[in-house]
Amino acid sequence: MDAAKLLQFIRFIGQLKRVPRTGWVYRNVKKPESVSDHMYRMAIMAFLIEDQKINKERCIKLALVHDMAECIVGDIAPKDNISKDEKHRREEEAMKYLTGLLSNKVGQEILELWQEYENQSSDEAKYVKDLDRLEMIVQAFEYEELEERPGHLQEFYDSTKGKFNHPEILQLVATLNKERDFGKKKACDKDLSGE
């Protein structure tokens, strides 16, 4: 173990606590979550998997590494006008640098997990992609509630429509949509009554 390189890796990962999620920044959300916040909740969501055919431990690991490159490249959003190929190239370069700071075995594992997620090459990677989208719309719902502006982050819901696949996730999305619709109706009723 090279303690200096390991510490450097740990400090890079710590940067994720200070990288805000760009989508929320562009929408002027007050106190936007960090990339680290997003990844942590995704890892907890993966821990809650009930489907016995999905490898829970692998999903937790995928959730923890899927946005790791953002500690170097930042959170590149569609609005940044950077092509998917260029985004992938930058992130892959960052991941190779980061994993090069680690011992061969763990560095290789992290890089392979990231590639698996990027390539969507396993059922676990596909499940974690569903979690990524679900976590985003759960966060959008929370911001709409916190800012008392029901429906103002609709574009995040629209961007995920029809993209969820796993039955567990589809059930959670349906439940979230019901809660959100109820909240919008409640806000509309409040506006109409003049409260």
Side-chain angles (χ1 to χ4, degrees), residues 6-49 54 56-80 82 87-88 90-91 94-95 97-99 101-102 110-111 113-114 116-118 120 124-160 163-164 166 168-169 172-173 175-177 179-180 183:
L6 182 57
L7 182 59
Q8 188 179 3
F9 175 85
I10 291 167
R11 294 190 67 203
F12 267 117
I13 298 308
Q15 292 292 337
L16 292 169
K17 295 192 276 184
R18 293 175 287 286
V19 176
R21 297 265 288 161
T22 307
W24 309 130
V25 173
Y26 286 155
R27 273 58 167 206
N28 298 312
V29 167
K30 297 173 188 138
K31 298 182 182 176
E33 70 172 335
S34 71
V35 173
S36 180
D37 295 330
H38 166 70
M39 291 168 60
Y40 177 75
R41 179 154 55 181
M42 278 183 64
I44 294 295
M45 292 163 73
F47 190 76
L48 304 174
I49 294 169
I54 300 287
K56 181 187 296 197
E57 182 181 327
R58 188 156 197 87
C59 287
I60 293 167
K61 288 179 177 183
L62 287 162
L64 289 170
V65 305
H66 85 285
D67 281 341
M68 190 178 281
E70 294 179 12
C71 70
I72 293 175
V73 301
D75 184 19
I76 301 169
K79 194 173 180 178
D80 292 326
I82 294 172
K87 178 180 187 282
H88 178 78
R90 290 180 189 185
E91 290 180 346
M95 287 303 294
Y97 177 78
L98 288 168
T99 57
L101 296 170
L102 302 171
I110 289 172
L111 185 59
L113 285 162
W114 180 82
E116 178 182 335
Y117 179 81
E118 282 292 298
Q120 292 293 283
E124 287 76 14
K126 291 172 185 165
Y127 188 92
V128 173
K129 186 66 173 177
D130 270 2
L131 288 180
D132 191 17
R133 292 179 178 127
L134 173 61
E135 198 286 328
M136 180 183 71
I137 62 172
V138 169
Q139 188 64 61
F141 178 55
E142 291 172 350
Y143 286 141
E144 288 177 338
E145 284 188 323
L146 287 167
E147 296 182 5
E148 297 179 351
R149 295 174 60 201
H152 88 283
L153 295 172
Q154 182 62 41
E155 66 192 278
F156 291 92
Y157 296 88
D158 294 344
S159 73
T160 64
K163 293 185 179 177
F164 295 102
H166 195 278
E168 284 180 24
I169 305 296
L172 287 165
V173 170
T175 303
L176 175 66
N177 286 333
E179 284 191 29
R180 186 169 179 254

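None of these values were measured; they are calculated from a predicted model.
Every side chain to side chain contact (heavy atoms under 4.5 Å, CB included) that Pro20 has, sequence neighbours left out, goes to Val25, Pro32. Checked against side chain to side chain donor-acceptor pair (under 3.5 Å), Trp24 has the following partners two or more places apart in sequence or in another chain: Glu33. The side chain to side chain contact (heavy atoms under 4.5 Å, CB included) search around Arg149 returns Glu147, His152, not counting sequence neighbours. Scanning for salt bridge (charged side-chain N to carboxylate O under 4.0 Å, His left out) contacts around Lys17 gives an empty result, with sequence neighbours left out. Under the side chain to side chain donor-acceptor pair (under 3.5 Å) criterion, Tyr40 pairs with no residue, sequence neighbours left out.
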Would you sort out whether Trp114 and Leu98 count as a side chain to side chain contact (heavy atoms under 4.5 Å, CB included), showing the intermediate values?
CA-CA 12 Å; Trp114 180 82; Leu98 288 168; over 6 Å; no
Take Met95 and Ile110 through the side chain to side chain contact (heavy atoms under 4.5 Å, CB included) test and state the conclusion after the steps.
CA-CA 8 Å; Met95 287 303 294; Ile110 289 172; 3.8 Å; yes
Checking Lys31 against Leu146 for the side chain to side chain contact (heavy atoms under 4.5 Å, CB included) test, could you report, in this order, the C-alpha distance in whole Å, the side-chain angles of both residues, the deciding distance, and whether it holds?
CA-CA 11 Å; Lys31 298 182 182 176; Leu146 287 167; over 6 Å; no
Would you check, one step at a time, whether the test side chain to side chain contact (heavy atoms under 4.5 Å, CB included) holds for Val128 with Asp132?
CA-CA 6 Å; Val128 173; Asp132 191 17; 5.6 Å; no
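Glu144 contributes a side-chain N or O that, together with a main-chain N or O of Leu153, makes up a donor-acceptor pair within less than 3.5 Å. When atom types are taken as modelled, the side chain of Thr22 and the backbone of Asp75 share a donor-acceptor pair closer than 3.5 angstrom. Between the Asp130 side chain and the His166 main chain, a donor and an acceptor come within less than 3.5 Å of each other. Using a distance-only test at 3.5 Å, with no hydrogens or angles considered, a donor-acceptor pair links the side chain of Ser34 to the main chain of Asp37.
In terms of heavy atoms, Ile137 sits closest to Tyr157 at O-OH, 3.2 Å. Taking each heavy atom of Leu134 and Phe164 in turn, the nearest pair found is N-CE2, 3.5 Å. Shortest non-hydrogen contact noted between Ala140 and Phe156 is CB-CB, 4.3 Å. Here the shortest heavy-atom pairing between Met136 and Thr160 reads CE-CG2, 3.4 Å. Taking each heavy atom of Ile49 and Lys56 in turn, the nearest pair found is O-CE, 3.5 Å.
Within a 6.0 Å radius of CD in Glu142, more than 12 heavy atoms belonging to other residues, nucleotides or ligands are found. Residue Phe47 places its CZ atom among 12 or fewer non-hydrogen atoms of other residues, nucleotides or ligands, all under 6.0 Å distant. Counting non-hydrogen atoms of neighbouring residues, nucleotides and ligands closer than 6.0 angstrom, the CZ atom of Arg18 exceeds 12 such neighbours.
Between the side chains of Arg41 and Gln139, at least one donor-acceptor pair of N or O atoms lies under 3.5 Å. Side chains of Arg27 and Tyr143: a donor-acceptor N/O pair is absent below 3.5 angstrom, by distance only.
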What side-chain donor-acceptor pairs closer than 3.5 Å can you find for residues 58-66, not counting sequence neighbours?
unit_1	atom_1	unit_2	atom_2	d
Arg58	NE	Glu116	OE1	2.9
Arg58	NE	Glu116	OE2	3.2
Arg58	NH2	Glu116	OE1	2.5
Lys61	NZ	Glu109	OE2	2.7
His66	ND1	Ala63	O	2.8
His66	NE2	His38	NE2	3.4

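A distance of 9.5 Å separates CG of Asn177 from CZ of Phe141, quoted to the nearest 0.5 Å. The CD atom of Glu91 sits 5.5 Å away from the CD atom of Glu70 when rounded to the nearest 0.5 Å. To the nearest 0.5 Å, the span separating CZ on Arg133 from CE on Met42 amounts to 10.5 Å. One finds the CG atom of Leu101 at 8.0 Å from the OG1 atom of Thr99 (value rounded to the nearest 0.5 Å).
Between Leu102 and Leu6, some side-chain heavy-atom pair lies under the 4.5 Å cut-off. Contact of the Arg180 side chain with the Gln154 side chain is registered, since non-hydrogen atoms from C-beta on lie closer than 4.5 Å.
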